[in-house]
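Below is one structure, written out as structure tokens; comments come after it.
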2 protein chains.
Amino acid sequence: MLFHPATEDIQLTEVLRALSDPIRLEIVALLTTAGELTCGDASVRLSVHKSTASHHFRILREAGVVRTTPRGRLKLLSVRHDDLDARFPGLLGSVVSATHAA
Amino acid sequence: MLFHPATEDIQLTEVLRALSDPIRLEIVALLTTAGELTCGDASVRLSVHKSTASHHFRILREAGVVRTTPRGRLKLLSVRHDDLDARFPGLLGSVVSATHAA
DNA sequence: CGCATAGTTGGATGCTTGTCAAACAATGGA
DNA sequence: TCCATTGTTTGACAAGCATCCAACTATGCG
């Protein structure tokens with residue numbers, strides 16, 4: 001478990017689909033400014049049930065947008081900026097900028 | 001009918017959602033290289049029924065990604081490059097580049 | 001005026017999705 | 001070892017979506 005796609009296996013449509021949900025976009029924005037957050041810390045800032053948040057974390061992870069790193073009994077979330085930029089240059093940056101413009 | 005959102009009303013999540021479908025991404029790619037296409041010309045290059053293609057044209061149009069211009073009994077499709085770039089700078093460009101990298 | 005052409009719309013269907021609640025698993029601390 | 005904390009999974013449900021076919025609308029041509 002805790003599947004993460006390899007950088008070269010990241011699919012464009014899956015990334016776009018993952019980013020097409022307001023809550024997931026908010027998660028990416030949170031992580032981009034915070035750098036790293038635990039699932040719990042990210043979850044309390046969202047307006048959905050924790051199981052729903054967990055679901056969104058999984059969508060983002062399996063699309064290759066975020067990385068989930070177990071740390072003790074916590075799990076740290078971070079955006080895979082470098083991998084995404086290597087695969088689809090500029091894409092994530094423009095989406096994050098667009099988030100602020102929205 | 002033939003609703004087109006104003007540039008400032010284009011929503012990021014709707015654009016991303018519109019672009020998260022392989023067929024719609026293909027439509028955008030076709031239009032980007034061709035400049036303009038009729039619905040029919042675009043439709044025959046896709047592997048779906050013409051009513052399905054029409055459905056996708058509508059999703060793209062209502063999201064603000066494409067413009068539909070009636071021309072006689074035809075309808076011309078084109079990508080709203082300028083509007084999108086004004087609203088979300090660089091976004092569409094990086095998506096189109098990513099399409100080629102995929 | 002009719003008729004062919006170009007697209008859209010409605011119905012039907014099966015699949016996917018977002019959401020919550022409750023139960024479950026895993027981990028470190030007391 | 002036991003327990004509280006953290007996060008995931010399962011089930012259920014409503015909503016949305018992609019797809020096709022058939023019927024419909026609209027427009028220009030003869």
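Side-chain atoms are counted along with the backbone in the values below, which use heavy atoms only and exclude waters and symmetry mates.
- Taking the side-chain hydrogen bond (donor to acceptor under 3.5 Å, both in side chains) definition, one finds that A:T99 meets it with nothing, sequence neighbours left out.
- Note on A:R24: only backbone sugar-phosphate atoms sit closer than 4.0 angstrom, heavy atoms only; bases stay farther off.
- A donor-acceptor pair is defined here as one N or O able to donate and one able to accept, closer than 3.5 Å; no such pair exists between the side chain of B:R61 and the backbone of B:R67.
- Taking 4.0 angstrom as the limit, B:R17 places none of its side-chain polar atoms (N or O) nearer than this to OP1 or OP2 of C:dG18.
- Of all the residues in residues 26-34 of chain A, not one reaches under 4.0 Å from DNA chain C with any non-hydrogen atom.
- Within the 4.5 Å cutoff, no side-chain heavy atoms of A:L91 are placed close to those of A:D85.
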Distances under 3.5 Å between protein N/O atoms and the N/O atoms of nucleotides 6-8 of chain C, please, pair by pair.
unit_1	atom_1	unit_2	atom_2	d
C:dG7	OP1	B:C39	N	3.3
C:dG7	OP1	B:K75	N	3.4
C:dG7	OP2	B:G40	N	2.7
C:dG7	N7	B:K50	NZ	2.8
C:dG7	O6	B:K50	NZ	3.3
C:dT8	OP2	B:S54	OG	2.5
C:dT8	O5'	B:S54	OG	3.4

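- Partner B:V95 forms a side chain to side chain contact (heavy atoms under 4.5 Å, CB included) with one of B:T32, B:L25, B:L84 and no other, that one being B:L25.
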Which donor-acceptor pairs under 3.5 Å do the side chains of residues 5-12 of chain B make with protein atoms, sequence neighbours left out?
unit_1	atom_1	unit_2	atom_2	d
B:T7	OG1	B:D83	OD1	3.3
B:Q11	NE2	B:D9	O	3.2

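- For the side chain to side chain contact (heavy atoms under 4.5 Å, CB included) with A:L76, the lone residue among A:T38, A:D41, A:L37, A:L31 that qualifies is A:T38.
- Note: the hydrophobic cluster containing A:V66 does not contain A:L74 (ILVMFWY, side chain heavy atoms under 4.5 Å, direct or indirect links).
- Side-chain contact check for A:S20 and B:T13: no donor-acceptor pair (N or O, by modelled atom type) lies under 3.5 Å.
- Between A:T52 and B:I59, the residue anchored nearer the 5' end of DNA chain D, judged by the nucleotide with its closest heavy atom, is A:T52.
- Remark: the backbone N or O of B:T68 is paired with a side-chain donor or acceptor of B:H4 at under 3.5 angstrom.
- Remark: A:H49 pairs with A:S51 by the side-chain hydrogen bond (donor to acceptor under 3.5 Å, both in side chains) rule, at least two apart or across chains.
- A 4.0 Å heavy-atom criterion places the boundary nucleotides of DNA chain D facing chain A at D:dA4 to D:dT9, written 5' to 3'.
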